[in-house]
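Step one of this worksheet: look at the structure below.
Values reported hereafter were calculated over all heavy atoms of this structure, with side chains retained and with hydrogens, waters and symmetry mates removed. Every chain is numbered from 1 and lettered A, B, ... according to where its sequence line falls, protein lines coming before strand lines.
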2 protein chains.
Amino acid sequence: MSKHQKEMALLKEHLGKHQLKYTRQRELILDAFLKQEHITAEELYHQLARKDPHLGLATIYRTLNLFCEAGLAQARHFGTQTQYDNVSHKGHHDHLICTECGKIVEFENCDIERLQEEVAARNGFVIKTHRLELYGLCSRCQH
Amino acid sequence: MSKHQKEMALLKEHLGKHQLKYTRQRELILDAFLKQEHITAEELYHQLARKDPHLGLATIYRTLNLFCEAGLAQARHFGTQTQYDNVSHKGHHDHLICTECGKIVEFENCDIERLQEEVAARNGFVIKTHRLELYGLCSRCQH
DNA sequence: ACGCTAATTGAAATGGGTTATCAATTTCAA
DNA sequence: TTGAAATTGATAACCCATTTCAATTAGCGT
Ligand SMILES: [Mn+2]
Ligand SMILES: [Mn+2]
Ligand SMILES: [Zn+2]
Ligand SMILES: [Zn+2]
């Protein structure tokens, strides 16, 4: 029995509802994707090149977008590329980014998260996702 | 005396500090930019095409990036394009975005801003800018 | 005012990430 | 098993933004 029973079931449910097919490529990509917390299409492409050198980059993109629609993944534009977050990993975090050297620090702050919910509620919104990025200079680049 | 005395002074200060020049094009773009709350490079390009049909799009991009460095503007990737916010117009604000109907609510929350500073300080960063976007469903789209 | 040098410009080419196209292949329900 | 419909991989197209480069211009020292 596979380790990712639940996610595979979720995907197959989505496929069934939309007359989509469960292909060898989708299985391959799903397996690789679920091992990650978050990954880009290019990274996944290079990882999978070993298992199947003929797997196309377009298929990776198509499949990751499919995962988003099925609720398995969540796209997050980061810098120039798109990160696809594995929703089944619970580790939400935000980012501190040094505009000088590119250093990135991940952080989590539940007070901020709570205040975001309050702001949303005050405006009648229900938040599904969010992005918080702080740009500045790291300690090394301040001099 | 121009209406945008303060912003022009800020720009000229930045130019002086970096051996940059005050050109006809930069003056033209500054005037048009300061009339907006936020605008894309393409929009500005079309607006200014009437005043100077030879003004190049590359110059618009270069100048808007210059404005960002001088602190007059703030770039915000929104949808597929980049919005350049006029900092003097509204001051800083963040966004609540409905993923269903596209409704956008601007908000400001100084508690969140303060906590951001704390997170940054704890990691040795000095924040220059940030972006906070909350995606979800507005009250109308929740049904 | 003049001349020099470095910054700036416009037009066009280039870039990077993503999506569209399309003929060949594969899935899966009948 | 069969065949319509979905999928695939290779590649072209996209789109916004940046880079290139020769010609022009700004602005300092004289
Ligand atoms: Mn967060
Ligand atoms: Mn803010
Ligand atoms: Zn740094
Ligand atoms: Zn809505």
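- What you find for I127(A) and A120(A) is that their closest heavy atoms are CG1-CB, 3.4 Å.
- Across all strands shown, the partner of dA22(D) is dT9(C), judged by Watson-Crick or G-U wobble contacts whose two distances both fall under 3.5 Å.
- Considering only side-chain N and O atoms, Q19(A) lies nowhere under 4.0 angstrom from the phosphate OP1 or OP2 of dA29(C).
- Counting only heavy atoms from C-beta on, L57(A) has its side chain closest to dT18(C) among dT27(C), dT18(C), dG10(C).
- Residues L20(A) and L55(A) share a hydrophobic cluster, clusters being chains of Ile/Leu/Val/Met/Phe/Trp/Tyr side chains in contact below 4.5 Å.
- Using a 4.0 Å heavy-atom cutoff across all strands shown, T82(B) reaches sugar-phosphate atoms only and no base atom.
- Backbone-only contact: T80(B) has heavy atoms under 4.0 Å from sugar-phosphate atoms and none from a base.
- A donor-acceptor pair shorter than 3.5 Å cannot be found between the side chains of Q74(A) and H38(A).
- Distances shown here put every side-chain N or O of T23(B) at or beyond 4.0 Å from the OP1 or OP2 atom of dT8(C).
- Residue-level contact check: R26(A) touches the backbone only, with heavy atoms under 4.0 Å from sugar-phosphate atoms and none from bases.
- Of the listed nucleotides (dT18(C), dT9(C), dC28(C)), dT18(C) has the atom at the smallest distance from the side chain of Y61(A).
- Checked against the 6.0 Å centroid criterion, the rings of F33(B) and F67(B) qualify as a close aromatic pair.
- Here L55(B) lies in heavy-atom contact (under 4.0 Å) with sugar-phosphate atoms only.
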